[in-house]
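What you see below is based on every heavy atom in this structure, not just the backbone, and it leaves out hydrogens, waters and symmetry mates.
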Amino acid sequence: MSKEKRKESSKILSLLRNDRFVMILSLILAVIFWAGVCVSFSPQTISVIKDVPIVIDMENSVPDSCGLQIFGDDNFTVDITVSGSRYVIGENLLSAKDFKVIAVTSNVNSPGLHPLQVKVSKVNEDANFTIDNISESSISVYFDALAKSEIPVTVKLNKQDFVKTGYITDENFILDDEKVTVSGAATEIAQLDSVIADVQIADDELSTTTTYSAPLTAYNKAGTPLKYVQINGQDNAEISVNVPVYRMGSHGLDVKFTNTPPMYSKNADSYLECSFSPSSLNIAVLQNGTAADKINIGEIDFSQVKAGENKFKFNLVDVKNIKADSTKVKTVDVSLDMEKIATKKVDLTMDNLSVLNVPDENNIKFYNSSVNVTLYGKKSELEKLDSASLTASIDLEENTVTENNGRYEGPIRIKNADSCWIYGKYELSYTLTK
């Protein structure tokens, strides 16, 4: 025996003669032996692992090859009962990650509600426990092809009498979307008949227009809600519904002027004398939080105004914020008297046109050498105006050009004239050449 080995043997014998070391070693060996016996002869127990997810794998499946997909609930779980040693399956030792639960789809080749067999297995096949039971041996899943349809929304109120005395309402509801897209199971989309916004009005004394958030539901012709569909991609879609409230009363009338010369836009009440027939209306006006003594029945563009008496007719059905059928009057006649107004004709020459955004390597050519423009205004100002007083600007990015031909219908402007305006509409035709 070598000298080194003799030294090692001497150390071991020395340790074995040490009572303290022998006591510690005996204790360690006893614990190891006791643990081995406990594991080998530990009592058997039963454990239930709850809410283990069921996997429905559609990729490259039979229903997938038939163009079918799942509609409705696809989040299924089962409870799994296992048995084994307490040291293997005791509290919190097993979880859902230790199991593989699948639903078999091999028998699904047509639309409808199908029962799917549920199979469970261990993730680790060598794990020392037994699967005794699962809470569900099958699940019911709806399969169908995907389809979609666009349909108008119908508003349904839960009550009819909800406004104060002297107020009225109608069915001219304002919606976030007049139409919605219903998507889902093709069998149900084929039966789609309506989408209802169910407005629940709690207040019986409304005196102002009110907006409600209403749930949307798709129905078939029998009035049965469709189950396997979504509205605008949502399971629980809602829409804002503005329920109008009107108040009857007598109101004066007014019009708005557009493209007004500076003198008239600043002092419209002094220079523009309109007469209305009828002069006022007893009509229902929308109560939307703004109060107005007069009803604006429309706009008068100064390009339609000439010297002398001008007559305009407005249909009440085109007027905003009133209930047109609350009066027997259908139209309002407006007369605008423009006395002491002179007229003059002036040529707009192409030299006074500015053209923006002409495409590279292109030239613009106008078919007109000039445009004869009719002007109205104070005689003293008109006498000072000539071709140099007119200008127009064409932006080719804002004008449609077809096969290098285009038309400009924008405004022609007058420089340095406070009371004058251009009567009528004018069109300039042009072409683009390389």
Side-chain angles (χ1 to χ4, degrees), residues 155 157 160-175 201 203-212 241-341 376-378 418-419 421-425:
V155 176
L157 306 181
Q160 298 301 317
D161 299 324
F162 55 85
V163 295
K164 286 184 177 181
T165 303
Y167 294 80
I168 59 176
T169 186
D170 63 17
E171 296 183 355
N172 292 322
F173 307 108
I174 299 175
L175 310 177
I201 298 176
D203 195 341
D204 294 334
E205 295 292 327
L206 285 186
S207 59
T208 186
T209 299
T210 306
T211 300
Y212 296 89
V241 180
N242 185 277
V243 179
V245 175
Y246 303 84
R247 185 176 186 179
M248 290 294 300
S250 180
H251 296 271
L253 305 177
D254 198 4
V255 291
K256 179 182 178 182
F257 292 93
T258 60
N259 295 318
T260 314
M263 183 181 78
Y264 297 100
S265 62
K266 296 175 184 176
N267 305 284
D269 293 339
S270 302
Y271 294 106
L272 301 176
E273 296 183 2
C274 289
S275 61
F276 298 87
S277 179
S279 59
S280 64
L281 288 173
N282 187 43
I283 196 168
V285 177
L286 186 68
Q287 303 300 292
N288 57 1
T290 59
D293 295 333
K294 294 182 178 181
I295 300 171
N296 188 331
I297 61 172
E299 296 182 350
I300 295 178
D301 191 327
F302 249 73
S303 66
Q304 301 172 338
V305 176
K306 55 186 178 181
E309 187 177 21
N310 297 264
K311 291 185 176 295
F312 304 91
K313 186 180 291 290
F314 295 89
N315 292 314
L316 290 184
V317 292
D318 299 325
V319 179
K320 295 181 179 179
N321 297 333
I322 65 168
K323 184 171 168 55
D325 59 3
S326 64
T327 177
K328 293 181 179 180
V329 178
K330 302 301 179 185
T331 61
V332 174
D333 295 320
V334 179
S335 295
L336 175 62
D337 194 2
M338 300 295 288
E339 295 182 353
K340 299 178 181 180
I341 294 298
Y376 283 103
K378 284 184 176 182
D418 191 53
S419 69
W421 70 92
I422 294 174
Y423 179 79
K425 300 292 183 182

Using modelled atom types and a 3.5 Å cut-off, is there a donor and acceptor pairing between side-chain atoms of [X] and backbone atoms of [Y]?
X    : Y    : result
T210 : T208 : yes
E339 : D337 : no
W421 : K306 : no
N310 : L336 : yes

State, with a plain yes or no, whether a side-chain heavy atom of [X] is found less than 4.5 Å away from one of [Y].
X    : Y    : result
V241 : V243 : yes
D254 : I295 : no
F276 : L281 : no
N296 : V319 : no
M338 : L272 : yes
F173 : P244 : yes

Please report the closest heavy-atom contact between [X] and [Y], naming both atoms and the distance.
X    : Y    : answer
L253 : P278 : CD1-O, 3.3 Å
G377 : I341 : N-CG2, 3.6 Å
F314 : I300 : CZ-CG1, 3.9 Å

Heavy atoms of other groups near D318 CG, more than 12 under 6.0 Å: yes
CD (E171) with more than 12 external heavy atoms under 6.0 Å: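 Counting other residues, nucleotides and ligands, CD of E171 stays at 12 neighbours or fewer.
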Can you list the residues that meet the salt bridge (charged side-chain N to carboxylate O under 4.0 Å, His left out) rule with [X], with sequence neighbours excluded?
X    : result
K425 : D301
E299 : none
K313 : D333

Test log, rule side-chain hydrogen bond (donor to acceptor under 3.5 Å, both in side chains), inputs N242 and T211: CA-CA 4 Å; N242 185 277; T211 300; 3.1 Å; yes
Could you work out, with side-chain contact (heavy atoms from CB on, under 4.5 Å) as the rule, every residue matching [X], not counting sequence neighbours?
X    : answer
T260 : F257, Y264, S265, F302
S275 : S335
K340 : none
K378 : M263, S380, S419

side-chain hydrogen bond (donor to acceptor under 3.5 Å, both in side chains) with [X]: which residues, sequence neighbours excluded?
X    : result
N288 : T290
D325 : K323
N282 : none
N321 : none

Reported [atom1]-to-[atom2] distance for the pair [X] and [Y], which is rounded to 0.5 angstrom:
X    : Y    : atom1 : atom2 : value
I174 : T209 : CD1   : OG1   : 7.5 Å
I201 : F162 : CD1   : CZ    : 4.0 Å
I322 : L316 : CD1   : CG    : 5.0 Å
D161 : L157 : CG    : CG    : 11.0 Å
Q304 : N259 : CD    : CG    : 10.0 Å
I297 : N315 : CD1   : CG    : 10.0 Å

Check: residues 245-252 side-chain donor-acceptor pairs under 3.5 Å, at least two apart:
from: Y246; atom 1: OH; to: D170; atom 2: OD2; distance (Å): 3.4
from: R247; atom 1: NH1; to: Y167; atom 2: OH; distance (Å): 3.4

